[in-house]
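Report on the following structure.
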Number of protein chains: 2
Amino acid sequence: MVRKRLAPEAAPDEPYLQIGEVAERTGVTQRTLRFYEEKGLLKPPTRMEGGFRLYSETDIQRLERIKRLKQLLGFPLAEIKEMVDAEEVKLQLKAEYRPEAALSQKKAQLLKAIEVTERQYDLIRQKVADLAEMQSKLEERLATFGDWMEQLERQLTANRKVKTKV
Amino acid sequence: MVRKRLAPEAAPDEPYLQIGEVAERTGVTQRTLRFYEEKGLLKPPTRMEGGFRLYSETDIQRLERIKRLKQLLGFPLAEIKEMVDAEEVKLQLKAEYRPEAALSQKKAQLLKAIEVTERQYDLIRQKVADLAEMQSKLEERLATFGDWMEQLERQLTANRKVKTKV
DNA sequence: TCTAACCTTGACGTTGAGGTAAGTTATCGC
DNA sequence: GCGATAACTTACCTCAACGTCAAGGTTAGA
């Protein structure tokens with residue numbers, strides 16, 4: 001687990017990371033990284049001559065988004081993939097905002113992105129609402145527990161008094 | 001899938017349901033019901049003479065809570081079990097609030113219930129916060145998309161004008 | 001009492017999400 | 001160019017959470 005070799009510093013502009021570094025920094029295993037790649041959740045990163053994977057900062061950001069969605073929503077990876085893909089459309093659009101051609105095609109893409117995002121949004125809104133309700137119920141319950149505890153305490157001290165009296 | 005026989009109407013007070021009815025009404029499969037029982041998520045229901053399972057209304061309520069937690073949190077069943085069990089402690093305490101003996105024992109139980117509930121509460125609070133943040137980000141994104149769409153529309157109509165002119 | 005519909009247990013299969021091990025190849029510092 | 005360390009692929013394993021028969025017992029209604 002000790003990392004002796006330095007990260008490849010050859011890259012001048014962007015700092016590329018090998019799989020071990022990425023694993024360490026993000027807390028996922030190398031296996032998981034390869035697995036996600038296999039499943040299309042992460043797109044194949046660039047490689048060194050010898051085939052070693054080199055992850056860019058954007059790759060890592062995507063991974064973090066995946067982690068987050070997975071943890072927060074608990075959905076199967078296939079759905080997570082869809083969601084992250086939808087985000088990517090946004091970046092794509094922003095990137096190639098130049099070419100004047102194919103405007104209507106761009107519109108179609110944008111429409112789709114909007115649709116997906118809206119679905120996502122509704123889903124999350126619903127979940128927030130449900131969870132909030134659950135939260136308030138738990139609050140109530142904790143209050144009730146507090147009351148009971150007080151009562152119990154009173155009864156206990158009362159008992160002690162009786163016993164010491166006898 | 002067609003249900004021809006009526007539910008057992010023999011029970012005068014509480015309406016007990018057979019496994020098929022429960023499955024139909026709750027949307028889970030019979031297999032899942034047996035599986036949850038096996039895993040301790042549902043306690044063994046009462047049975048008819050011949051061994052047919054008979055679920056009470058409270059059994060079903062417990063099942064619904066399980067479904068809800070599973071859907072909202074996406075946790076493994078083992079954890080869901082813990083959570084639902086914690087709720088049950090509450091009911092237990094309420095039920096046997098009579099016996100004056102073993103007060104301190106009751107206190108211990110209550111303390112544990114409080115602890116578990118607090119853990120649950122914190123967890124959910126955190127989740128709500130995270131999801132709310134994600135929600136607002138999605139909102140932003142949708143707004144941005146809207147702007148882009150407007151721009152696109154403008155460009156498109158401009159294009160059309162040019163073409164018709166030529 | 002007979003039968004259609006329902007239920008029982010048992011056992012094996014499947015899918016998702018990785019873990020683990022083996023054998024081989026790369027990289028890097030010396 | 002060598003040795004240590006890290007990565008690569010391939011393949012099999014695991015665990016959770018059910019699905020899917022198969023073979024037989026139960027129940028209610030005619």
Side-chain angles (χ1 to χ4, degrees), chain A residues 1-11 16-42 44-55 59 63 66-84, chain B residues 1-11 16-42 44-55 59 63 66-67 69-71 73-84:
Chain A
M1 284 296 160
V2 184
R3 203 139 266 280
K4 292 206 174 147
R5 207 155 30 152
L6 298 180
E9 321 229 18
Y16 281 91
L17 296 184
Q18 285 186 222
I19 195 170
E21 288 275 337
V22 174
E24 204 168 318
R25 284 188 21 174
T26 63
V28 311
T29 67
Q30 304 189 11
R31 175 61 166 103
T32 298
L33 283 167
R34 300 200 185 97
F35 181 71
Y36 283 1
E37 183 181 335
E38 202 181 307
K39 291 282 161 179
L41 276 142
L42 296 172
T46 57
R47 304 252 188 164
M48 296 160 110
E49 316 264 301
F52 284 24
R53 268 163 262 247
L54 285 179
Y55 292 91
D59 288 334
L63 175 59
I66 294 173
K67 270 182 61 186
R68 199 172 166 69
L69 284 173
K70 197 163 130 37
Q71 200 244 318
L72 258 73
L73 304 182
F75 288 177
L77 290 183
E79 292 191 43
I80 303 286
K81 173 175 155 57
E82 266 194 54
M83 306 182 91
V84 189
Chain B
M1 281 293 161
V2 184
R3 204 136 264 284
K4 292 207 174 148
R5 206 155 31 150
L6 298 181
E9 321 227 19
Y16 282 91
L17 297 185
Q18 286 185 218
I19 196 170
E21 287 276 339
V22 175
E24 203 167 318
R25 284 188 22 175
T26 63
V28 312
T29 68
Q30 305 189 11
R31 176 62 168 100
T32 298
L33 284 167
R34 300 199 187 98
F35 180 71
Y36 284 1
E37 183 182 336
E38 203 181 305
K39 290 283 161 180
L41 276 142
L42 296 172
T46 57
R47 305 251 186 163
M48 295 159 116
E49 317 261 302
F52 284 25
R53 268 164 261 246
L54 284 179
Y55 292 90
D59 288 334
L63 175 61
I66 293 173
K67 269 182 60 185
L69 284 173
K70 197 163 132 35
Q71 200 245 319
L73 303 182
F75 289 175
L77 289 182
E79 292 191 44
I80 304 285
K81 173 176 156 55
E82 265 195 54
M83 306 183 92
V84 189

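We name chains A, B, ... by the order of the sequence lines, and we start the count at 1 in each one.
Mapping B/G51 and A/R34 onto DNA chain D by nearest heavy atom places A/R34 at the nucleotide closer to the 5' end.
Rounded to a whole Å, the CD atom of A/E79 is 15 Å from the C1' atom of C/dA17. The CD1-C1' distance, from A/I80 to C/dG18, rounds to 15 Å in whole Å. Residue B/M48 contributes atom CE, which lies 6 Å from atom P of D/dT27 at whole-angstrom precision. The interatomic distance linking B/L54 (CG) with C/dC6 (C1') rounds to 12 Å, in whole Å. Rounded to an integer number of Å, the gap from CD of B/E21 to C1' of C/dC6 is 11 Å. Atom CD1 of A/I19 and atom C1' of D/dT5 are 15 Å apart (whole Å). Computed from coordinates, the A/L41 CG to C/dA17 P distance equals 9 Å when rounded to whole Å. Atom pair A/F52:CZ and D/dT9:C1' shows a separation of 12 Å (rounding to whole Å applied).
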Readout for nucleotides 13-20 of chain D: B = base within 4.0 Å of protein heavy atom, S = sugar-phosphate only, - = neither; 5' to 3' it is ----BBBB
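The side-chain hydrogen bond (donor to acceptor under 3.5 Å, both in side chains) search around B/E79 returns none, not counting sequence neighbours. Residues that satisfy the side-chain hydrogen bond (donor to acceptor under 3.5 Å, both in side chains) test with B/T26, not counting sequence neighbours, are absent from this structure. Partners of A/R68 under the salt bridge (charged side-chain N to carboxylate O under 4.0 Å, His left out) rule, at least two apart in sequence or in another chain, are B/E133. Residues passing the salt bridge (charged side-chain N to carboxylate O under 4.0 Å, His left out) test with B/R31, sequence neighbours excluded: none. Under the rule for a side-chain hydrogen bond (donor to acceptor under 3.5 Å, both in side chains), B/T46 has no partner lying at least two apart in sequence or in another chain.
Proximity of B/Q18 to the phosphate of C/dC7: a side-chain N or O atom is located under 4.0 Å from OP1 or OP2.
In this structure, A/E24 CD and A/E21 CD are separated by 6.0 Å, a value rounded to the nearest 0.5 Å.
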